[in-house]
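Lettering follows sequence order; numbering is per chain, from 1.
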2 protein chains.
Amino acid sequence: MSILESPLTRKLSAFVALSSVDLETLAKFHRRRRSFKAGHQMVAEGETHQSAFILAEGWACSFKVLPDGERQIIDFQIPGDFLGLRSILFRTSDHSSEAVTKIEASEVLAADMFDSFGQAPRLATAILWAVSRDEAMAVEHLVNLGRRSAEVRMAHFLLELGARLKLVGVGDKTGFNCPLTQYHLADALGLSAVHVNRVLRQLREDGLVTFQRGRVSFDNIRGLIALAEFDTAYLDHDGPLLK
Amino acid sequence: MSILESPLTRKLSAFVALSSVDLETLAKFHRRRRSFKAGHQMVAEGETHQSAFILAEGWACSFKVLPDGERQIIDFQIPGDFLGLRSILFRTSDHSSEAVTKIEASEVLAADMFDSFGQAPRLATAILWAVSRDEAMAVEHLVNLGRRSAEVRMAHFLLELGARLKLVGVGDKTGFNCPLTQYHLADALGLSAVHVNRVLRQLREDGLVTFQRGRVSFDNIRGLIALAEFDTAYLDHDGPLLK
DNA sequence: CCTTCATGCTGATTTATATCAGTCTGGAAA
DNA sequence: TTTCCAGACTGATATAAATCAGCATGAAGG
């Protein structure tokens, strides 16, 4: 796959038109291709000298583990997403990451990224946008946990995943293939697995969305959007800001 | 106050040593000084052409309002913090901001910031760090809402504020002056104001922390840190809160 | 082939927190 | 000086979601 069609390029292009210098510089981020098995721990919380990656294929998740063993999933990474960026910017990583499926990713060295800012300032802007978009998602998840009921929370989460996957060209408005278990959903939504199950049943019986056998089907996407009061503004998908 | 002693410079210097070119470029961010009254809406969710600011004096808060009128406070901004950065990167702002106290701030134009990346690449890195630190805080708040009880959540929140204020030179390990009401705490922690009150009483009666008359006093900071399992790693500071 | 284990699923019970419906206080406005 | 109001505070009750204690299924492994 050429750099022009990589999921990251596709995502960044939703924000800014990249010049050929930007693209050449971005290509350097893709020199260290790596493969990992499902379940592999990519980044470890509290450790120094961790790597960052750009995900090309597969799903990962970032999370924090509390002293009592409970886990809070922060977000899932899909193709085109950075993984562990904060672990190279910070002294010690503030979070862990693991592969949900087997994945293909490019390892990004801190030096590569910092050097690139001198060579292609507009790329710096694009990366700042990507990080801000990740922040916007974390913020929306915060609102999700703080103020929405379990049912609305689930609806919102599934719609967000759908929107993100659509942007990088996987899945459409009828649904998407999803490798997550109900335990993943529980850890992401701050619910127990038992309650996740009940909520999914409720949404299915209401004819809104079906989560079964590795597939999320939007049975009534309008109803689902209405229930979740879902607005994609925070994902900033609406075409380039700069040109 | 010279740019060398501004809270933002102080904060960024905790991450990277800024060159004289970086500092000159950063100084350009401080040309448009503005004052606002307490309660002033700085940034409006869903609007385009919003401004970003660097806060010099006073407190602000960023939040989202849900269709049912409920509000989730995302974070409070204190001197040295950016305010509304995503509102200039994104087409429409994904959040609102308002002044909690009267504030002094510098307005930052998108063009100033993007131009600065070409002139001072290291400044781009420092700003990326600052944004990542904001993201790390949002993530920690996410964990707070998702997995911690009301009491631990409150303890964690007050300790985080203490650590942040100490970094910019306001407050110390005995406590800090705090202009927030119990309603602010409720909106930030995803609790009802009634429950916030009960939790504060509990913490006070346990001799851990007192929140009263505009002041937060750490009565037993070790005990509070133990209760909250508070670790400053995610703030990427040099030193811990205790010292 | 049988066992094991991860995942999905369910009813009964408990608990944390919300909601309701107030009181009390101190400062600002009239 | 009285009235008003925001903010702090409290008891009683309601409820969303957790926890407990299972069963069912299908894939993986010996």
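Among residues two or more places apart in sequence or in another chain, the side-chain contact (heavy atoms from CB on, under 4.5 Å) test is passed with Gln50(B) by Val43(B), Ala44(B), Glu47(B), Ser87(B), Ser93(B). In this structure, the side-chain contact (heavy atoms from CB on, under 4.5 Å) partners of Thr101(B), at least two apart in sequence or on a different chain, are Trp59(B), Ile103(B), Pro179(B). Qualifying ring pair (Phe, Tyr, Trp, His ring centres under 6.0 Å) partners for Phe211(B), counting only residues two or more places apart in sequence or in other chains: none. Partners of Asn197(B) under the side-chain contact (heavy atoms from CB on, under 4.5 Å) rule, at least two apart in sequence or in another chain, are Gln182(B). Phe29(B) is linked by a ring pair (Phe, Tyr, Trp, His ring centres under 6.0 Å) to nothing, counting only residues two or more places apart in sequence or in another chain. For Asn220(A), the side chain to side chain donor-acceptor pair (under 3.5 Å) test picks out no residue, with sequence neighbours left out. Applying the ring pair (Phe, Tyr, Trp, His ring centres under 6.0 Å) test to Phe157(A) and every residue at least two apart in sequence or in another chain returns Phe76(A). Not counting sequence neighbours, the partners of Arg32(A) by the side chain to side chain donor-acceptor pair (under 3.5 Å) test are Asp112(A).
Across all their heavy atoms, Ser96(B) and Glu45(B) have their closest contact at OG-N, 3.0 Å.
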Restricting to nitrogen or oxygen on both sides, can you table the protein-nucleotides 25-27 of chain C pairs closer than 3.5 Å?
none

Report each atom pair, protein N/O against N/O of nucleotides 26-30 of chain D, whose distance is under 3.5 angstrom.
none

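For the helix from dC1(C)-dG30(D) to dA30(C)-dT1(D), the axis fitted to the five pairs at one end and the axis fitted to the five pairs at the other end meet at an angle of 30° (nearest 10 degrees).
A salt bridge between Asp236(B) and Arg133(B) is absent, with no side-chain N of the basic residue lying under 4.0 Å from a carboxylate O of the acidic one.
No side-chain donor from either of Asn144(A) and Glu140(A) sits under 3.5 Å from a side-chain acceptor of the other.
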- [ ] Can you check each nucleotide of nucleotides 14-22 of chain D against protein heavy atoms at under 4.0 Å and return B for base, S for sugar-phosphate only, - for none, in 5' to 3' order?
- [x] ---BSBB--
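At whole-Å resolution of the value, OH in Tyr183(B) and C1' in dG7(D) are 6 Å apart.
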